[in-house]
2 protein chains.
Amino acid sequence: MDVDTRLLRYFAVVAEEGNLTRAAQRLFVSQPALTKQVKQLENLLGVRLFTRSRAGMALTEPGRTLAERVPALLTDWDRVLRDTKGAASRAARVLRVGFLASAANEATPEIIAAFARRRPGWRVEMRQATWSNPSAGLSDSDVDAALLRLPFPGQENWHVEVLLTEPRWVALPSAHPLAARDRIEFRELWDEPFVAAAPETGWWRDYWLATDEREGTRPRIGAVTDTPDDWLSAIANGYGIALAPESAARFYARPGVTYRPVDGVTPTQVGVAWADDTNPVVRDFVKCCLGCGASGALHAEGHQA
Amino acid sequence: MDVDTRLLRYFAVVAEEGNLTRAAQRLFVSQPALTKQVKQLENLLGVRLFTRSRAGMALTEPGRTLAERVPALLTDWDRVLRDTKGAASRAARVLRVGFLASAANEATPEIIAAFARRRPGWRVEMRQATWSNPSAGLSDSDVDAALLRLPFPGQENWHVEVLLTEPRWVALPSAHPLAARDRIEFRELWDEPFVAAAPETGWWRDYWLATDEREGTRPRIGAVTDTPDDWLSAIANGYGIALAPESAARFYARPGVTYRPVDGVTPTQVGVAWADDTNPVVRDFVKCCLGCGASGALHAEGHQA
DNA sequence: TGCGTCTATAACCTGGCGGCATGGATGTGG
DNA sequence: CCACATCCATGCCGCCAGGTTATAGACGCA
């Protein structure tokens with residue numbers, strides 16, 4: 001009897017949530033689709049897994065049995081997936097490193113060089129990820145390690161080391177009145193339209209909208225972008241403003257976009273994350289990040305700030 | 001990253017077989033369909049799993065990694081499936097027993113009665129299976145135990161106890177010339193058209209065509225049926241003849257169909273099979289089968305034979 | 001009585017799976 | 001040397017299953 005792991009994921013979330021509507025939101029599918037999928041799983045097994053009521057979905061006895069064991073199945077599968085993809089890159093002597101645009105910085109070339117010295121014969125393959133993939137391929141085991149902005153969704157599932165911390169600034173259209181100012185209070189930006197990440201990124205989106213630091217004020221969304229290019233264009237074209245790491249001022253300078261320091265938002269960090277702590281090659285890479293990354297990045301920053 | 005277990009099953013068979021064409025036959029799908037599925041799995045993982053050549057499909061290094069671990073994943077899933085369905089029947093105090101039509105006999109009611117005495121409060125739910133499901137639901141964990149004709153495909157995967165042995169006879173249209181005879185040599189039937197089970201039943205079909213006892217002569221197929229009713233009709237209408245257990249002469253007597261003893265074919269057995277040997281209720285049922293089943297069945301047989 | 005909060009149903013669109021027929025590459029035997 | 005057998009790949013088509021939006025139905029609450 002065959003099942004798609006998607007069905008099992010869906011089931012697990014509904015079981016945990018006890019509520020179709022909320023589960024559907026978490027899974028980024030419509031509620032009717034979830035209804036159908038749950039029903040299909042029940043038909044497939046020939047077992048009623050939930051008792052429905054207007055209060056929500058409550059597990060039946062066999063439903064509980066299933067719910068207890070599905071998570072292990074799914075993590076087993078993830079593990080096999082990782083090993084398989086890992087075997088491919090190991091065979092090719094390639095270390096796959098994902099990164100979010102904003103997480104690569106002056107230190108990155110140095111890290112790669114250091115790794116090359118430490119592991120001759122190996123090649124680093126850098127893969128840039130879009131915002132809609134906030135773990136930069138880690139969650140699909142598409143990469144062995146990732147350079148990321150912290151915090152990121154699912155951070156607790158991986159090994160993470162912080163590489164550097166820097167303040168968040170704001171990127172605005174150069175014509176914007178506030179662009180003339182030297183420093184800006186975040187409170188002054190509450191009513192501005194923001195250029196945001198896709199909704200599927202969950203609280204990652206919220207983090208860069210700083211929803212926690214708005215005292216309840218709802219952010220206005222002026223545009224949704226998925227890559228640095230789109231993002232810069234959207235800002236330059238006046239669709240909105242956006243928070244960005246200080247280093248973006250150097251890496252993503254563009255006519256029409258001005259970066260300014262902001263007071264009143266927490267700083268952001270760059271970190272390296274990886275899944276398999278038993279892989280010596282990955283550990284070497286992490287060491288390179290920590291070694292030259294920390295000093296190198298700080299050095300560069302001190303230089304240019 | 002979601003996968004259907006079907007993909008994994010397909011992959012496992014191709015990996016084991018090393019040959020798409022043969023794997024497709026084993027899986028009862030067309031070879032192009034398999035090609036596509038294997039390719040899809042490779043695309044999904046972003047990993048080349050096989051190296052193709054005219055010699056067949058050879059696993060790559062990552063392919064080997066995957067092939068080593070997929071069987072365990074699949075059996076884990078089967079296990080969870082069994083536990084979930086089992087939880088449902090346990091909660092309802094129902095013992096689900098599958099049976100192939102020809103495996104139920106005079107002893108069956110007695111077995112059920114004995115079980116009812118041993119487990120008051122429990123109910124036995126008898127589920128008749130079609131020929132296309134030779135394990136009578138055991139393979140999908142749809143039943144806790146099954147009364148089957150031995151041997152059956154996948155027999156080695158389950159616990160099995162033999163309940164009785166009986167010769168195979170032949171069922172023929174009453175108008176058939178051989179119906180006038182008292183005994184028939186199997187060799188005389190080699191050229192007759194047979195009423196057979198569906199091809200998907202693999203060697204189960206062959207067993208009832210007695211292909212092993214034809215010294216290479218290809219059986220002729222006159223009709224394919226899935227249930228006793230169809231089967232009887234097909235024979236009565238002269239589409240073909242068929243081997244059948246001796247007891248069928250009593251249980252499936254019908255005008256137009258005559259049963260005759262056959263020499264030169266191995267006898268057949270009825271057995272009880274079950275998956276979960278740790279389930280005390282199932283063990284009780286098996287005991288009932290062995291206790292009253294053996295004596296009862298033999299008794300009844302002696303009576304009527 | 002009307003509203004908010006659940007889940008279920010209906011109608012529709014699309015993509016993927018499976019089947020058949022066929023192509024292309026490559027050894028093998030008459 | 002050519003016809004054939006044996007592999008895997010491709011093209012085309014029918015069908016089903018998944019997703020979406022809109023809406024219905026059940027029920028508690030103000």
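The sequence lines fix the lettering, A, B, ..., with proteins before strands; numbering per chain opens at 1.
For A/Gln37 and D/dA17, the shortest distance from a side-chain N or O to OP1 or OP2 is not below 4.0 Å. Checking the phosphate oxygens (OP1, OP2) of C/dG18, no side-chain nitrogen or oxygen of B/Ser30 falls inside 4.0 Å. Proximity of A/Arg52 to the phosphate of C/dA8: a side-chain N or O atom is located under 4.0 Å from OP1 or OP2. The side chain of B/Lys39 contributes an N or O atom lying less than 4.0 Å from OP1 or OP2 of D/dT10. For the OP1/OP2 pair of D/dC8 and a distance below 4.0 Å, the side-chain nitrogens and oxygens of B/Thr35 include no atom meeting the criterion. Distances shorter than 4.0 Å separate none of the side-chain N or O atoms of B/Gln40 from OP1 or OP2 on C/dG16.
Atom pair B/Leu41:CG and C/dG16:C1' shows a separation of 15 Å (rounding to whole Å applied). When the P atom of D/dG18 is taken as reference, atom CG of A/Asn43 falls 11 Å away, rounded to whole Å. Here the C1' atom of nucleotide D/dT6 and the CG atom of B/Leu34 are 17 Å apart, to the nearest Å. The distance between atom CZ of A/Phe50 and atom C1' of C/dC6, rounded to the nearest whole Å, is 15 Å. Between A/Asp2 atom CG and D/dA17 atom P the separation is 14 Å, expressed in whole Å.
Under a 4.0 Å N-O distance rule, the pair A/Arg214/A/Glu192 does not qualify as a salt bridge. Under the 4.0 Å criterion applied to side-chain N and carboxylate O atoms, B/Lys39 and B/Glu42 are not assigned as salt-bridge partners. Salt-bridge annotation for A/Asp142 and A/Arg96: absent, with no side-chain N of the basic residue lying under 4.0 Å from a carboxylate O of the acidic one. Between A/Asp2 and B/Arg9, at least one side-chain nitrogen of the basic residue sits less than 4.0 Å from a carboxylate oxygen of the acidic one, meeting the salt-bridge criterion.
Sorted by residue number, the members of residues 10-27 of chain B with any non-hydrogen atom under 4.0 Å from DNA chain D read B/Asn19, B/Leu20, B/Thr21.
With sequence neighbours excluded, no residue forms a side-chain hydrogen bond (donor to acceptor under 3.5 Å, both in side chains) with A/Asn133.
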Between protein and nucleic acid, restricted to nucleotides 26-30 of chain D and to nitrogen or oxygen atoms under 3.5 Å apart, what atom pairs and distances do you find?
unit_1, atom_1, unit_2, atom_2, d
D/dC27, O3', A/Arg54, NE, 3.0

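Sorted by first then second residue, the salt bridge (Lys or Arg N to Asp or Glu O under 4.0 Å) pairs that include residues 219-243 of chain B, not counting sequence neighbours, are B/Asp229-B/Arg254. Under the salt bridge (Lys or Arg N to Asp or Glu O under 4.0 Å) criterion, the residue pairs touching residues 126-141 of chain B are B/Glu125-B/Arg127, with sequence neighbours excluded. For residues 14-36 of chain B, the pairs satisfying salt bridge (Lys or Arg N to Asp or Glu O under 4.0 Å) are B/Glu16-B/Arg26, B/Glu17-B/Arg22, B/Glu17-B/Arg26, with sequence neighbours left out.
Residue order along DNA chain D, read from the 5' end via each residue's closest nucleotide, puts A/Arg6 first among A/Pro32 and A/Arg6.
Judged by distance alone, the side chain of A/Thr60 and the main-chain N or O of A/Leu49 form a donor-acceptor pair under 3.5 Å.
Taking only distance into account, the side chain of B/Gln31 meets the base of D/dA9 through a donor-acceptor pair shorter than 3.5 Å. A donor and an acceptor atom never sit less than 3.5 Å apart when one is taken from the side chain of B/Lys36 and the other from the base of C/dG16.
In this structure, of C/dG19, C/dT7, C/dA21, it is C/dG19 that holds the atom nearest to the side chain of B/Ala33.
Shown here is B/Arg79, whose CZ atom has no more than 12 heavy atoms of other residues, nucleotides or ligands within 6.0 Å.
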